[in-house]
2 protein chains.
Amino acid sequence: MSRRSYNQYCATAHALDIVGERWTLLLVRELLTGPRRFGDLQANLPGMGTGLLAARLKYLTEEGVVAPVTLPAPANTPAYALTEAGHALGPAVLALADWGMTWALGPRAEGEVYRAGWAVLAMRSAFVPDAAEGVAGVYEFRVADEVFHARVEDRSVETVHGPAQRPDVVLTAADGDTFKALLLGGVSFADAEREGRATVAGDRGLLDVLVSLFDWPQPRERVSSARPR
Amino acid sequence: MSRRSYNQYCATAHALDIVGERWTLLLVRELLTGPRRFGDLQANLPGMGTGLLAARLKYLTEEGVVAPVTLPAPANTPAYALTEAGHALGPAVLALADWGMTWALGPRAEGEVYRAGWAVLAMRSAFVPDAAEGVAGVYEFRVADEVFHARVEDRSVETVHGPAQRPDVVLTAADGDTFKALLLGGVSFADAEREGRATVAGDRGLLDVLVSLFDWPQPRERVSSARPR
DNA sequence: CCGGATCCGTAACGATACTG
DNA sequence: CAGTATCGTTACGGATCCGG
């Protein structure tokens, strides 16, 4: 338990005792798409001091949410991964992302950092299993200098950072905004390629299928009036 | 946006910018079961300073998550309620509660505060719609000095604090532990009544039905080993 | 260079006292 | 009852330094 506990016998309070401190759930978000090294975490969590990052990792390790691992050869470098309990936080992080997409995101603000990898979680959240009936495919995405991939299979999607082993199709987008527009269906892949903002290699048909697998929430405005009973 | 923003164009980060500060999600948890007055919130959030509570309410009001209301006559007293955006946080709070019940709750620790009202959220979380096929009933619960009720109808449950208008059955439990044991099915209503720890008024058959509507998660131990890929 | 540990100024929090 | 005001304590953020 963190030094500051809510001291309530309540499931929500206990959960927040462990993962409710500043940065913690964003740290879990990073690890939800696979193991990461200290430096990668630092790069994706700008504003978080190295001391704090180290302290959080240590605390979460003690609490059995995170575990240190050694990346497979040839990297052989230390990294951090989620335990089973850590992975179980996925639904909670996705529920927050869901709320954020609907009620808090809006257009990109000035100076806001954007990493395409974060869209990976959004894909999990907006994925519609029923729409993926009979769909199977491995997608690799390269956005700016980031690489991640998605594996669609059996009405489910699995999103992980890093390259795919044998992708059916590789989508390269110049920047995050282009990638987002493509995923939301606002821009066609053909148009983006024509404008030089994206390139596609492999089974392009699978990309059009991909877009149809998501149901993106309609952004709403928060208004200051009580909800009628 | 709170003064300290994560400054990331990410749905999770934006959500946490608004509701990620200390106490905020517990405050939302309180309001998820209906409007509450300042003093009630204070009483259910021991350890939170009045100044901080006032600041949070003000901030959340500005952000359109909470709205000040006047309780209906004869109370006619000021209170706080959730807006539509605030109610939309329900799934996120429940997801955290779910995780907490499985991975973080355990037995009650020494000195931990327990309010029966918190079990109300747990009931929402553990409710199994399929088990409630054809079930309808209004339950009122009185635990220690707290009163709340549940309305089961059409494969759904609605839990609100305060008394019910026309309850089918009223369950009075001496303390939270008794109430919990009854709900989890560890103790029968007859036994509890015999021991003087509970009384039942109304349609007692509905209570046995109630217990069958929940699927309580099996508590798990958090262990410090990475989850296999 | 990566993975941290240490230090210090600032902002956030917690407890209590006080006011309309 | 519903909040302000105040003040000591804790947590965070940024920078610098250190060992492999």
Side-chain angles (χ1 to χ4, degrees), chain A residues 1-8 13 16-27 30-31 35-63 66-71 74-81 111 113, chain B residues 1-8 13 16-27 30-31 35-63 66-81 111-113 145:
Chain A
M1 189 152 317
S2 46
R3 290 225 271 105
R4 248 183 208 174
S5 163
Y6 290 113
N7 208 39
Q8 299 182 353
L16 291 173
D17 275 339
I18 295 175
V19 298
E21 293 180 276
R22 187 161 168 76
W23 291 110
T24 300
L25 281 175
L26 292 187
L27 179 49
E30 289 301 312
L31 297 178
R36 303 215 99 144
R37 315 194 315 174
F38 190 93
D40 295 332
L41 292 170
Q42 199 181 350
N44 279 335
L45 298 171
M48 186 182 196
T50 62
L52 189 55
L53 175 55
R56 286 281 188 279
L57 287 169
K58 183 181 174 194
Y59 173 71
L60 291 174
T61 298
E62 287 168 357
E63 291 295 336
V66 160
V69 296
T70 299
L71 256 34
N76 269 104
T77 168
Y80 295 91
V113 180
Chain B
M1 190 151 319
S2 46
R3 291 225 272 104
R4 250 184 207 176
S5 164
Y6 290 113
N7 207 42
Q8 299 182 354
L16 291 172
D17 275 339
I18 296 175
V19 298
E21 294 180 275
R22 186 161 168 79
W23 292 111
T24 300
L25 281 175
L26 293 186
L27 179 50
E30 289 301 311
L31 298 178
R36 304 216 99 144
R37 313 192 318 173
F38 190 94
D40 295 331
L41 293 171
Q42 200 182 348
N44 280 335
L45 299 171
M48 185 182 196
T50 62
L52 189 55
L53 175 55
R56 285 281 186 281
L57 287 168
K58 183 180 173 193
Y59 173 71
L60 291 174
T61 298
E62 288 167 356
E63 291 294 336
V66 161
V69 296
T70 299
L71 256 35
N76 270 105
T77 168
Y80 295 90
E112 266 186 344
V113 180
D145 60 341

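Naming convention: chains lettered A, B, ... in sequence-line order (proteins, then strands); numbering from 1 in each chain.
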Using atom [atom1] of [X] as one end and atom [atom2] of [N] as the other, report the distance to the nearest whole Å.
X	N	atom1	atom2	answer
B/L45	C/dG14	CG	P	11 Å
B/L41	D/dG3	CG	C1'	13 Å
B/R37	D/dA2	CZ	P	4 Å
A/L53	C/dG3	CG	C1'	10 Å
A/L71	C/dG3	CG	C1'	14 Å
B/Y59	C/dC13	OH	P	11 Å
B/Q42	D/dC1	CD	P	10 Å
B/K58	D/dG3	NZ	C1'	12 Å

> Are the side chain of A/R56 and the backbone of A/R22 linked by a donor-acceptor contact shorter than 3.5 Å?
Replying inline: yes

> Nearest of C/dC2, D/dT4, D/dA2 to any side-chain atom of B/P78?
Replying inline: D/dA2

> What nucleotide, of D/dA2, C/dG4, C/dG3, holds the atom closest to the side chain of B/T77?
Replying inline: D/dA2

> Between B/Y6 and A/W23, what is the ring plane arrangement, given parallel below 30°, perpendicular above 60°, and tilted in between?
Replying inline: perpendicular

> Given A/R36, which of A/L27, A/V69, A/L71, A/L31 fulfils the side-chain contact (heavy atoms from CB on, under 4.5 Å) condition?
Replying inline: A/L31

Are [X] and [Y] packed together at the side-chain level, in the sense that at least one heavy-atom pair is separated by less than 4.5 angstrom?
X	Y	result
A/Q8	B/L26	yes
B/N7	A/P46	no
A/Y59	A/T24	no
A/V113	A/N44	no

> For nucleotides 12-20 of chain D, read 5' to 3', which letter fits each nucleotide if B means a protein heavy atom sits under 4.0 Å from the base, S means only the sugar-phosphate is that close, and - means neither?
Replying inline: SSSB-----

>> Looking at C/dG14, I'd like to know if its phosphate oxygens (OP1 or OP2) sit under 4.0 Å from a side-chain N or O belonging to A/Y6.
In response: no

